[in-house]
Amino acid sequence: MLRGIVLVIAGVVSLLAQPVYAGWNYRIGEAAPEFQLKALDGNVYGSAELKGKWVVVSFMTTWCPFCNAAAPHFERLNQEYGKRGVKAFIVDVSEKPEVVSGWIAKHKLTCPVLLDSTGTVTTSYAPPPDFVPDLKREEVMIASFMIIDPDGTIRFLALNEDVASFDARLVKLRAALDELLPKQ
Amino acid sequence: MFWRFAALVVLALVGAVPGGARALEVVTVTPPSGVHLKPGGEARVAIQIVVKPGYHVQANPVENPSLIPITLKVESDANISIGEPRYPAAKRIRLPGDSQDLVVYDGSFVIALPVQVSHSATAGETITLRGALRYQACDDSHCLFPVTLPVSLSVAVKGR
């Protein structure tokens, strides 16, 4: 009986001792989930066509302050790393096309903006529910940034832990790209 | 054996996570319980808003038009006229790397709602007005989907 009580206490203590956020390695090394989404430019983009390319994806909404802060830097990154063959995409989470098109114009975004109107694709890319369990999985992914390698493997995922870790200028994303991309 | 099973049950319960998390409720809205006005009378009614600690909502007005300002809308009635809500002064914050401040509310604050009763209102009647509070909340690291909460305001018409 004593052994059982000790086991219960040890289990609870070990769970409570876990950090609220288990770290930055969620989904790293996993195959990027398959998707096919229509973009505002009228084209349909799918994971199959992106095989063989380095891909940067950001999940955004027009109303999210973090996304608004990062959008100009994402466009700059798209311009710069596009020259190195990187395909950048924004996945807009659960918004109407007319709202998104105004926002694209405002930020002069030139990368394709894919419309995930149901949030299903965004959810498929989200970390498991132990990361910020109170939130919907789509909410966790808003203002996140991901790198997918030519084999379709997730190599980088930036999720906010607190406002201090928020990286509007995308310094960590750029550093990861510089490290991962073949040297020129 | 029983204790081993109990341990597993406790571990499962402590670690349990809802499969599909519901919208997190971070704002409560409380209209005053008793608004009493005479026919022809008017008042500014204080609608109390409380934001859960650690969260903030976008203020009204916002400086970046892409953001969603907190907005109170209450429908007028034939005998009750509702004016434009007055929102409090906002707090300014800036995200690292952003070029623009955010204007937000946190904690507890009041939206003042002008209410006017028509001269033809009948003394003794209580009129319930329906409305909604729309807001978009964030904490230090995540933003939640916009939420619309129902608001109900009862106005009792007093005798002259």
Side-chain angles (χ1 to χ4, degrees), chain A residues 1-12 14-16 18 21 61-73 93-95 99 102-103 106-107 119 123 128-144 159-171, chain B residues 1-26 52 54-59 62-71 92-104 134-147:
Chain A
M1 178 164 166
L2 183 64
R3 192 169 160 232
I5 293 170
V6 169
L7 190 60
V8 170
I9 292 169
V12 172
S14 73
L15 274 171
L16 294 177
Q18 285 180 358
Y21 307 120
T61 66
T62 62
W63 45 259
C64 151
F66 294 110
C67 308
N68 278 272
H73 301 285
V93 188
S94 305
E95 291 189 283
V99 175
W103 190 73
K106 175 186 164 185
H107 287 292
T123 300
D130 65 323
F131 183 86
V132 202
D134 289 345
L135 300 196
K136 292 180 177 177
R137 295 302 85 193
E138 304 99 296
E139 288 171 329
V140 168
M141 288 302 285
I142 292 170
S144 67
L159 298 160
N160 288 337
E161 287 191 79
D162 54 46
V163 76
S165 73
F166 174 61
D167 184 18
R169 295 180 189 278
L170 309 179
V171 174
Chain B
M1 183 68 188
F2 167 76
W3 282 104
R4 190 173 295 238
F5 175 71
L8 288 173
V9 169
V10 170
L11 288 174
L13 287 175
V14 173
V17 169
R22 290 179 306 155
L24 189 62
E25 290 172 10
V26 300
K52 188 176 174 181
Y55 284 86
H56 58 262
V57 296
Q58 313 308 323
V62 285
E63 293 184 354
N64 175 350
S66 296
L67 308 188
I68 297 174
I70 188 168
T71 305
R92 303 185 82 82
I93 60 172
R94 185 172 288 202
L95 299 175
D98 199 354
S99 56
Q100 194 175 16
D101 281 351
L102 292 174
V103 284
V104 301
R134 180 167 161 80
Y135 68 89
Q136 191 276 308
C138 298
D139 69 2
D140 272 357
S141 52
H142 296 98
C143 289
L144 311 183
F145 284 117
V147 170

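Numbers restart at 1 for each chain; the letters A, B, ... are given by sequence-line order, proteins then strands.
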Inset, instruction - Please report the C-alpha distance between I142(A) and K136(A) in whole Å, then the side-chain angles of each, then the deciding distance to 0.1 Å, and finally whether the side-chain contact (heavy atoms from CB on, under 4.5 Å) criterion is met. - result: CA-CA 10 Å; I142(A) 292 170; K136(A) 292 180 177 177; over 6 Å; no
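Within the 4.5 angstrom heavy-atom criterion, atoms from both the backbone and the side chain of L67(B) approach chain A. The contact between Q58(B) and chain A is made entirely by side chain atoms (from C-beta outward), counting heavy-atom distances below 4.5 Å.
A donor-acceptor pair under 3.5 Å is formed between the side chain of E139(A) and the backbone N or O of F145(B).
When the candidates L144(B), D98(B), L102(B) are compared by the number of heavy-atom contacts under 4.5 Å with chain A, L144(B) comes out ahead.
Judged purely by distance below 3.5 Å, without hydrogens or angles, the side chains of E138(A) and S94(A) never pair a donor atom with an acceptor atom.
Y135(B) pairs with exactly one of T71(B), I68(B), V26(B) by the side chain to side chain contact (heavy atoms under 4.5 Å, CB included) rule, that one being V26(B).
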